[in-house]
Amino acid sequence: MNVCVVGSGAREHALALACARTADVVVTPGNPGIRGRSPEGHTLESSAAPPEEIEADLYIIGPEAPLVAGLADRLRGLGGLVFGPGADGARLEGSKAYMKELAAAARVPTARFAVFERPDDALAHLRAAVGPYVIKTDGLAAGKGVLVTSDLAAAEADVVAKLSGEAFGVAGRRVVIEEALVGREASLLAVCDGEHALALPVARDYKRALDGDLGPNTGGMGACSPVTFVEDKVVGEAMDRIVLPTLGELRRRGIDYKGVLYAGLMLGDDGPRLVEFNVRFGDPETEVVLPRMEGDCTGLLAAAAGGRVPDAVACAPTAAVCVVAAAAGYPVNPRCGDSISGLDAAGAVAGVTVLHAGTRRDADGVLRTDGGRVLAVTAVAPTIAAARERAYEAIGAVEIEGVQYRGDIAVSERVGSTG
Ligand code: AMP
Ligand code: GLY
C-alpha cells in the first residue's frame with residue numbers, strides 16, 4: 001500500500017510514522033525529518049510534487065487550509081481514496097459562524113453566540129454583556145484568532161482590530177462573540193466514515209505560549225494523552241451529544257463527512273460542551289494519540305475513507321507527552337534561520353521521537369528553523385510522569401538560539417483549567 005500525506009508539520013510527521021508501520025509513505029511537501037525507512041522496513045519520503053501528481057492508494061490531508069480549499073474534492077475527482085472532508089464539511093472549521101449555526105441545528109451543547117460584521121453592533125453587544133468576553137475571527141487564523149479576556153477595553157480593541165481587517169485580514173472581518181465556558185479542556189478526535197464515528201484516545205493540548213497558561217494563544221505548545229480527568233463515560237457523552245448529532249446534521253445537509261472530526265471540549269459540571277470543531281487531526285494532539293494506538297493506522301483511515309470505521313481501536317496502556325520547541329519570537333514574529341543541533345542526543349533518550357515541524361536543511365547541510373513551531377519532542381512511557389521526564393530530558397539536549405518551550409506540559413491537571 002502507498003500512502004500520501006499532505007502537509008509539512010509534526011502532525012504529518014507523526015501520521016507518516018504511524019502509517020509507515022504498514023505502508024510506504026510520501027509526504028508533500030513534508031520536512032527534513034521525514035525520510036528513510038520505518039522500523040518495519042517501509043519507506044518514508046518527503047516530496048515537492050503536488051498531491052495531485054503523487055500516485056497513492058490513500059491520501060490523508062493534514063492541515064485545514066487545503067481541506068477548506070477543496071483539495072479532498074479534487075483528489076476524489078481524480079479517483080483517489082481520501083481521508084479528509086470535502087470543502088462542504090471543512091466549512092465547520094473554515095467559518096466559526098457556520099459551525100455555531102450547524103451545532104445549534106444539531107442541538108449540540110455549546111456556548112451562546114452572536115455574529116457581527118459592523119463594529120458598532122459588536123461594541124454595543126460587548127458593553128451589554130458580562131465578562132469574560134470571548135471574541136473569535138470567523139475565518140482561519142492558525143489557532144491564534146481567539147481572545148478570551150475579562151478586560152472590556154481589551155475586548156473592544158480586539159473587536160475593532162479584527163473587524164477592520166488589521167489583525168487577521170479577511171478572516172477577521174466577521175467575528176463571533178461567545179459566552180465564556182468554564183471547566184477543563186480536552187480534545188476528542190473522532191474518525192468518521194460519513195455515518196459512524198470512532199473515538200480515539202483523548203488528549204490535552206496546551207494552547208497558551210507560557211507556563212501556567214499565560215500569554216497569547218498559539219497553535220499548541222504541547223500535549224499529553226491520556227487525560228486522567230476524562231472518564232470513559234464523558235467520552236461516550238461527548239460522542240452521543242456532540243459528534244454523532246453533528247455527523248447526522250451534516251448528512252441531512254447532504255454532506256458526506258469522511259475524516260477526523262475534532263471536538264474541543266470544555267468539561268464542566270453539566271457535562272461536556274463544545275468549544276470548537278476542527279476538521280482534521282489536532283496538532284500537537286496527533287503526536288501523542290497515534291503512538292498510543294495499536295494496530296494498523298493506515299487500515300483504519302482507509303476503512304473510514306472507503307467504507308466503515310471499526311467499532312473499536314486498540315490502545316496501548318502507555319502514556320505520551322509532547323513538548324513543542326518554538327522559535328524565538330513565536331507566536332507574534334517567529335525568527336527563521338537559527339541553526340538546530342542536538343537532535344541525535346534528543347532522539348537517543350528512551351521512548352523519544354523528535355518530530356520536525358518548522359525546519360529546513362540548507363545547502364550547507366545545516367538544519368535551521370523555518371517556522372514558529374520548530375520541533376515536537378514526543379515521549380512514550382508507562383506513565384505520564386515518566387513520559388514527561390523523558391520528553392524534557394530530550395528537549396534539554398536540543399540547541400536552538402532563542403528556543404522557547406513550556407516547562408509545565410503535563411505537570412498537573414490543574415494547569416489549563418479555566419474554572
Ligand atoms: P478555539 O480556536 O475556538 O479552540 O479557541 C481557542 C481557545 O480559546 C480554546 O481552546 C479555549 O481555551 C478558548 N476558548 C474558546 N472559546 C471559548 C469559550 N466560549 N469559553 C472559554 N474559553 C474559550
Ligand atoms: N491543537 C489544536 C489544533 O490542532 O487546532
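Both ligands and their constituent atoms are indexed starting at 1 by order of listing.
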- request: Give a yes-or-no answer on whether the side chains of D296 and T22 include a donor-acceptor pair shorter than 3.5 Å.
  value: yes
query: Would T378 and E287 count as having a side-chain donor-acceptor pair, cut-off 3.5 Å?
result: no
message: Any heavy atom of A180 closer to ligand 1 than 4.0 angstrom?
response: yes
- request: Report the part of E185 in contact with ligand 1, treating N, CA, C, O as backbone and CB onward as side chain, heavy atoms under 4.0 Å; options are side chain, backbone, both, neither.
  value: side chain
- request: Give the contacting part of V134 toward ligand 1: side chain, backbone, both or neither, where contact means a heavy-atom distance below 4.0 Å.
  value: side chain
- line: Partner of Y262 under side-chain hydrogen bond (donor to acceptor under 3.5 Å, both in side chains), picked from E93, E285, R280, is E285
task: Closest by any non-hydrogen atom to atom 15 (C) of ligand 1: pick that one out of V182, V275, N278.
output: V275
field: Heteroatom distance test (L181, ligand 1): nitrogen or oxygen, under 3.5 angstrom
entry: yes
query: Is any side-chain N of the basic residue among E178 and R273 closer than 4.0 Å to the acidic one's carboxylate O?
result: no
query: Salt bridge check: are R390 and E393 linked by an N-O gap of less than 4.0 Å?
result: no
query: Cation-pi between R11 and F281: NZ/CZ under 6.0 Å from ring centre and within 45° of the ring axis?
result: no
message: To the nearest 0.5 Å, what is the distance between CD on E101 and OG on S95?
response: 9.0 Å
message: Can you work out which protein residues put a heavy atom within less than 4.0 Å of ligand 2?
response: D205, G219, Y262, N278, R280, G282, D283, P284, E285
query: Do E156 and L126 have side chains that get closer than 4.5 Å, going by heavy atoms?
result: yes
task: Output yes when a side-chain donor or acceptor of T218 lies under 3.5 Å from a complementary backbone atom of A209, and no otherwise.
output: no
message: Show the atoms of ligand 1 that are less than 4.0 angstrom away from any heavy atom in K207.
response: 6 (C), 7 (C), 10 (O)
